Chemist: 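Sharing a structure here in C-alpha cells format.
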Amino acid sequence: MPEVTLVEAINLALGRAMADDPDVVVLGQDVGVNGGVFRATVGLQERFGPERVLDTPLAELLISGLCVGMAAQGLKPVGEIQFMGFIYPCLDQLVNHASRMRNRTQGRLTCPMVLRTPHGAGIRAPEHHSESTEAMLAHIPGLRVVMPSSPERAYGLLLAAIRDPDPVVFLEPTRLYRAAKGEVEDNGEALPLDIAFVLREGRDVTLISWGAMLKETMAAADKLADEGIAAEVIDLATLKPYDESTVLGSVAKTGRCVIVHEAAHTGGFGAEIAALIAEHGLSSLLAPVIRVTGYDTIIPMARLEQRYMPSVGRIVTAARKACQYN
Amino acid sequence: MPEVTLVEAINLALGRAMADDPDVVVLGQDVGVNGGVFRATVGLQERFGPERVLDTPLAELLISGLCVGMAAQGLKPVGEIQFMGFIYPCLDQLVNHASRMRNRTQGRLTCPMVLRTPHGAGIRAPEHHSESTEAMLAHIPGLRVVMPSSPERAYGLLLAAIRDPDPVVFLEPTRLYRAAKGEVEDNGEALPLDIAFVLREGRDVTLISWGAMLKETMAAADKLADEGIAAEVIDLATLKPYDESTVLGSVAKTGRCVIVHEAAHTGGFGAEIAALIAEHGLSSLLAPVIRVTGYDTIIPMARLEQRYMPSVGRIVTAARKACQYN
Amino acid sequence: MASKRANEELPVIARFEVRRRNYLAPDGSIDRPLPAFATDPKLLVELYRSMVLLRLFDRKAVALQRTGRLGTYAVSLGQEAVSVGIASAMREDDVLLPSYRDNGALLWRGVKLEEILLFWGGDERGNQFSGPVHDFPFCVPVGSQAPHAAGVAYALKLRKEPHVAVCMFGDGATSKGDVYEAMNFAGVHKLPLVFVATNNQWAISVPLRLQTGSETLAQKAIAAGFSGEQVDGSDVVAMRAAAEEAIAAARDGKGPHFIEAVTYRLGDHTTSDDALRYRSAEEVQAHWKEEPIARLRSYLVGQKMWTKADEEQLAAECHERIEAAVERYLTTPPRRAETMFDNLYADLPEAYAAQRRELAGEHDA
Amino acid sequence: MASKRANEELPVIARFEVRRRNYLAPDGSIDRPLPAFATDPKLLVELYRSMVLLRLFDRKAVALQRTGRLGTYAVSLGQEAVSVGIASAMREDDVLLPSYRDNGALLWRGVKLEEILLFWGGDERGNQFSGPVHDFPFCVPVGSQAPHAAGVAYALKLRKEPHVAVCMFGDGATSKGDVYEAMNFAGVHKLPLVFVATNNQWAISVPLRLQTGSETLAQKAIAAGFSGEQVDGSDVVAMRAAAEEAIAAARDGKGPHFIEAVTYRLGDHTTSDDALRYRSAEEVQAHWKEEPIARLRSYLVGQKMWTKADEEQLAAECHERIEAAVERYLTTPPRRAETMFDNLYADLPEAYAAQRRELAGEHDA
Ligand SMILES: Cc1ncc(C[n+]2csc(CCOP(=O)(O)OP(=O)(O)O)c2C)c(N)n1
Ligand SMILES: Cc1ncc(C[n+]2csc(CCOP(=O)(O)OP(=O)(O)O)c2C)c(N)n1
Ligand SMILES: [Mg+2]
Ligand SMILES: [Mg+2]
C-alpha cells in the first residue's frame, strides 16, 4: 500500500467519491485549476470538468447555501471553506437550513452535503487562519461534525461523510495535512461515522482528543509509558453525534480522564465530554477530569501560537496529576 | 418603586444610558418609530432622534459590523437582532472582529458594543424564532455574554453591558419579556457583570440556570422545599466569563448539582459548568452532575415547543435523583 | 446615477437602463396592448379566482389567529397579484423557493389550504405538503433561501434539465448579503433562475427609503450582471407576463432575471403587528385604489368575462373550500411529542434515541 | 444590461452609466489633460518615490520570508499606484480601512516599515502602529471590514466631523455579502465613505469572470444607489485624481462613491502561492507593459522632473531605509507568552487571570 499524506488521502477520497457517484460535486475557492490552497482538490477539475469541480466567487455564505440548494436537488455537494476562520458566515446556513431541512420538511427535502475546512493552528499562518471552533458546530442538532487524525481515517471518514444522507462538517487538521503520513488503500471503503477509535489501549488513564492534537496526545502516551503509566488514547473522530459509550467504557476501566483539545478552554467540546463523565461515569471516577486545552484568549499570531496550543508536556503533567490523585 | 415588566426594564435602561451618554446609539430593525417588535426601544427615537435611534436595513451581519465600526470610533452602539435565530450572520463579526479588536491591535482600537437579542422559546412564535444558542457565543474569547432573568437584573446588567469597554452579547429571555414583573428604580445603577446571583440559598442541592429557565428552576425549588429538599438556586447571569467560584462554592456546600438550560443538551453551556465541577469540585461531589436541558433536536414549532423545554417536573425529578444518590 | 459625479469628459464604458411594465391601469382600463395569454378568458378568470381565494383564506386565517387557533400569520392583502401571477407562469417541474408571505404561489402549485394552516399553526407537517415535492417550504429567515435557489438552479443546469428556479422575497430581503451573493453567482453562471422581489414598500416598519438608496430594486441586478425590470405588482397581467418571459428565457439558457414587483402591503405585517404605529391610515387608504383584485374584476366585467353571479358563486365556493380545509386543519390529530426526533437524521443516532424514548415516556432499562 | 430583455415598448424609468478615468498611457504619454495637482512636480515625485519604496520593500519582505524570517506576505507588485494614489488623497483625520495587500497606503500614512514586518512576522504589535491611531489594521477576512467602514462613516456623520472613511478591498471581495450590505447602507445614509476595489483580475486563482458576471465592478455601486467609476489603476495620477474628487465630495456631504481600480497582480498571490499553476507566464508578461512605476517614470523623465541620478539616489535611500527597518524588526525583543492575554479585555477577568499566570510559569497557590 502506498504511503500518502493526510491531504493526499483527502484528495483520493474526493476523487473516488466523484468517480463513483456523478452526483458528487466539489465547490469552493480555488478548488479548480489551482487544486485548492492545500492541494486537497488537485487534479479533480481535470478529471471531472469545471462543472463538477467549481471555483466559486469569494463568498463563504454562498458556498454553504449553494450546497443546501444542490443537496435538496439530490446532488451531493462537497463545499470547501478555505480556512476555518472564514466559516462563520456559513453558520446561518448550517444552523437554520442545512441541519434542519430534513426535520422541518418531515423528510420531504434532505441535505446530503459536506462542508470541508482546514482546522487549527500550528503552520505559522497569518491572522484568522488558525481557528478551532468545532464546539460551535457540535452543538447544532441535525449536523454531523467529523475530524480525522490520520490519512487512513481522513480517507475513510470523508468517504463516509460524502455518502451520508445528512449534512456533515468535515474538519481537517491543517497541521497534519503534510506531516501525517500513512498507508491508504484507495479501495472506496468508508469508515464508520459516530464511532470513536481507540488508538492505544491502557488501564491507567484515558486520554481523549481529536484532530491534530492526537499527535501530542500520542506522544504524551509514549512518555507516560516510560514512567509506567499505561494511557488509553481515544480519537473521538465524530464529535456530533459522539460515541458516548466508548468514552464511558474507557473511563469505567481507567477511572481517570484527560481531554485534550486545541480550542479555547471555556465551552470547548472537552466540556461536553467531561460533563458526560460527570453525569454517567461518576461512580467509576477516581480523579478529576482534566481538560488540557488552548487558553481562553484569541489564538495568537504565529510567534506565540506554539505557546497557545497544548504541548506534550502539559498533557503529560495533567495525566500524571490525574494518576496521582486519590 | 414602580413595577415594570422585563422588557420595560430594558427600555428604561436604554433610555437612561442614552440620556447619560451621547455616545450611546441604538440600531436595528424596527427600533425606531415602531419601538421594536417587542417594544424594547419604544419612545427612544422620539426622545433622541432618528440619528441616534436608527432603523437599519434588513441585514444582521451589517448591524453587527456597523457596531464594530462605530465602537472603534468611540461610540457605544447597542445593536438589536430581532430574534436570536437571525444572529448567526453576526458570528463572523463577533468572532473575527468584535471580540478581538482590542487584542489584535494591542489596545489601539477597542469595541465597546452591545448586541441585544431575544432568546429562547415559549411564546408560540413562528419557525426560527425560538433559538437558544448561547453556548456558541460563550465559547468566544474576548466576548461577554450576559442574560438577565428579572426586570431588576435586566435593568442593571444592561446598563453595565453598555458601560463596559468591551463587546457584550445581551440575551433577553423572550418568554419573560412581559411575564416577569418586578420593582425597578430607574436610578442609573448598574449591577456587576461576571458575577452569579444566588436567588435562593439551600444546603441540599445546587440548581444552576440562566435566563427564562430560572422561572421553572425557582418553581422546582419551591416544590423540592415541600419535599424537604433545600435547593440553592444560582442565576449565572454572565455566561462569559462566568463566576466559577460561586458555582464551586455552592457545590462544595451541597455536593449535588443540577444544571438547567433550554438549549440542546450536547455542547450546551451546561456542559461547561459540569466540566468545571468535574475538574475542580470533584472532591465535594456526592452525586452525578445532572443536566436538564432541551433535547438534541431542532426546537420544534409552536405545537411541541413546550415538550421540548425543560419542565418543572423534569427539574424536580433530576434534583430528587441527585439527592437520593449515594 | 453611476455617473452623476464623474467628469463629463471621461468616456462612458457601460450603460444600463431599467424599464417598467404594466398593462391594466388601477381602474381596470388598458394602458398598453395586452400580452398573448390575456386573450384567453379562462386563464384570466383563473388568476382572478386564485386571488380571491387567497384573500378570503387570509381573512379566515386571521380570524383563526385572533381566536387562538393559529399562530402568527402573514396576509397578502394588496399583493395577491404577485404570488399568483408568478406561480401561474411556472411549470410543475420548475422549483419554487418562497418567502413566508407567498401563500398565493403555494396554493397555485397545489399546496392544500390545511397544509398552510398547519404550518402557521406550528406544525412541521405543514412543510410536508402536497405541492411539487421539490419545492421549498416557506423561508422565514429573510432572504436566506436565495443561495438555495442558486444551488437548485446550478443543479438543474448541471443536469441539463429544462427547469427553472424561482426565488421570491421582499424589498427588505434585497438588503441582505446572501441575496446579493446568490444573484452574483447566478450572473456568473447564467443560471436558470428568476428572482422576484415583492416591493410592498415596507419591511415591517422600515420604509423603502431606509432600506436602500437605490432608485429601484430592479437595478440591483446590474451589480450581478443581468437584467432587471420593474413591474406593476398590483397588475396580475403584468406579473404573469413578466414571469412568463423571464422563465421562458431562463429555460432557454438565457440566464437569470430580476423582477421587482411594485405593490403595497395593505394589511399589517403579520398578526403580531399593528401597522398604524408607523404609517397613517390615509397612506394605506390611498393604496386601496391600486389593489389587484378590484382592478382585474373591473377589466373582466368590462370585457363581459365576469358577472355578479359569477362573483357570488365564487364567494360561496371559496367559503366552502376554506371551511372544509379549516375543519380538516382543526381535526388533524396532534403529533406525538417524540416525533420531534423524527427526520432529524436519516437514522437517529443512538446518542439521541435515548432522548426520544424519554420523551415518549419510555424509560431506559 | 438591465434592459437587454425587456420589451422595447416598455418605458425606461432609470438610466445609468459607468465612465472610465485615465491620464497617463502605459508609455508615459498623456491621454487626457492632467488634473490640477499633477502640475506640482513635488507631489508627482513623492508618489513616485512611495511606489518605488513599496516595490523594494516588498522585494525585501519576500526575501525575508524565503529565508524563514517572515511569515506569509502579500506583495503589491504591479498595483502600487492604487494604495499610494488613494492614501495620498486622504487627510490624516480620515480613516483608512485597508486589506492585507494595502501596505502602500499604510506606509504613506506613517506606519513604519518594521511595523508592517512585525505584523507579517506574526506579532500583534504590528497592528499597534504609528499610523493614525484611528486607522484600522490590515483586514484578513476578505471584505469583512466594509461594514466597519460604514459604522465609522456613520459615526463621523453623526458627530458632524468633516472626515471621510476609505475602505479598500480586492475584486474578490466584491462578491461578498458584507461588502454589499455596507455599500447599501452607505447609500441609504449618504455616508462620507469611499470604497476602493482593487481589481487586479485575480482572487488567488479565481479569475474575474468566475467572480462576477458584471461587465465592470464600478456598476456594483448602482445597486446601492450611488456613483461608481472605473479608473486605470496602474496610473497613479488617475488614482490620485479619482480619490481626491471622491473624498472631497464625501467630505462635502455628497455621499459615497465607488472606485474600481483596474490593474493587474504581477506577483504571486502571496508567498504561499505559485501563480504559474493557474495562469501563463505570457499573460503576466503582457501586463508588465502597463505597470505603474515605469509609466510614471517615463512621464517624469520626459518632463525633466526626474533623472537617472535621482533614480540612483532613491534606490540607495530606499535600500538604507529598508535595511534599517529590517534590522529593527529582527532585533525587536520577543513578546512574553503570557502577553497573549493582554488587551483581551480592558481588565482581565479572574477566570482567565489564572491561565495567564500558568502561562507565565507562575503557579497558583
Ligand atoms: C434574517 C431575518 N431578519 C429579521 C427577520 C424578522 N422579520 C420578519 S419579516 C421582516 C421584514 C421583511 O420585510 P420584506 O423583506 O420587505 O418582506 P415583507 O414582510 O414586506 O413581505 C423582518 C425584519 C427575519 N424573519 N429574518
Ligand atoms: C472571507 C475570506 N475568505 C477566504 C480568504 C482566503 N483568501 C485570502 S486572499 C483571497 C483572494 C482575495 O482576492 P481579492 O479580493 O481579489 O484580493 P487580492 O488578493 O487579489 O488583492 C482569498 C480567497 C480570506 N482571507 N477571507
Ligand atoms: Mg416588504
Ligand atoms: Mg484580486
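Computed from a predicted structure; not experimentally measured.
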Chemist: Would you name the heavy atoms of C:Ala223 and D:Ala223 that are closest together and state the gap between them?
Modeler: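 Shortest heavy-atom contact: CB-CB, 3.6 Å.
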Chemist: Do any N or O atoms from the side chain of C:Asn184 and from the backbone of D:Gln211 form a donor-acceptor pair under 3.5 angstrom?
Modeler: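 Such a contact is found between C:Asn184 side chain and D:Gln211 backbone.
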Chemist: Hey, could you give me the CZ/CD distance between C:Arg19 and D:Glu9, rounded to the nearest 0.5 Å?
Modeler: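 With rounding to 0.5 Å, CZ (C:Arg19) is 8.5 Å from CD (D:Glu9).
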Chemist: Just give me the residue among D:Val179, D:Leu217, D:Leu210 that pairs up with chain C most often, heavy atom to heavy atom, under 4.5 Å.
Modeler: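 Between D:Val179, D:Leu217, D:Leu210, the count favours D:Leu210.
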Chemist: For D:Arg91, does the CZ atom sit with more than 12 other heavy atoms under 6.0 Å from it, leaving out its own atoms?
Modeler: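 Check fails, neighbour count at 12 or below.
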Chemist: For a quick test of reading the model, state the closest non-hydrogen atom pair linking C:Ser175 to D:Glu181 and the distance between them.
Modeler: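 That would be O-CG, 3.4 Å.
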Chemist: Do you know which of D:Ala186, D:Gly213, D:Ala242 has the most heavy-atom pairs under 4.5 Å to chain C?
Modeler: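 Ranked by contacts with chain C, first place is D:Gly213.
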Chemist: Which atoms of C:Ala221 come close to chain D, meaning under 4.5 Å heavy atom to heavy atom: side chain ones, backbone ones, both, or neither?
Modeler: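 For C:Ala221, there is no contact with chain D at all, as no heavy atom is under 4.5 Å.
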Chemist: Among C:Pro33, C:Ala182, C:Ala224, single out the residue with the greatest number of heavy-atom pairs under 4.5 Å to chain D.
Modeler: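 Highest number of heavy-atom pairs under 4.5 Å: C:Ala224.
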Chemist: Can you tell me how far the CZ atom of C:Phe16 sits from the CD atom of D:Glu17, to the nearest 0.5 Å?
Modeler: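 Reported to 0.5 Å precision, the distance equals 10.0 Å.
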Chemist: Is it the backbone or the side chain of C:Thr212 that comes under 4.5 Å from a heavy atom of chain D, or both, or neither?
Modeler: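 Both the backbone and the side chain of C:Thr212 come within 4.5 Å of chain D.
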Chemist: Using every non-hydrogen atom in the two residues, find where C:Gln219 and D:Gly225 come nearest and quote the distance to one decimal.
Modeler: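 Scanning both residues, the minimum pair turns out to be NE2-CA, 4.5 Å.
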Chemist: Is there a donor-acceptor pair under 3.5 Å between the side chain of C:Arg20 and the backbone N or O of D:Ile13?
Modeler: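 Looks like no, no N/O pair under 3.5 Å.
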Chemist: What is the minimum heavy-atom distance between D:Tyr180 and C:Thr174, and which atoms define it?
Modeler: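 Closest heavy-atom pair between D:Tyr180 and C:Thr174: OH-O, 2.7 Å.
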Chemist: Looking only at non-hydrogen atoms, find the nearest pair between D:Val188 and C:Arg209 and report the distance.
Modeler: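 Closest pair (atom of D:Val188, atom of C:Arg209, distance): CG1-O, 3.6 Å.
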Chemist: Quick one: what part of C:Gln230 sits under 4.5 Å from any heavy atom of chain D, side chain, backbone, both or neither?
Modeler: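 Just the side chain, heavy atoms under 4.5 Å.
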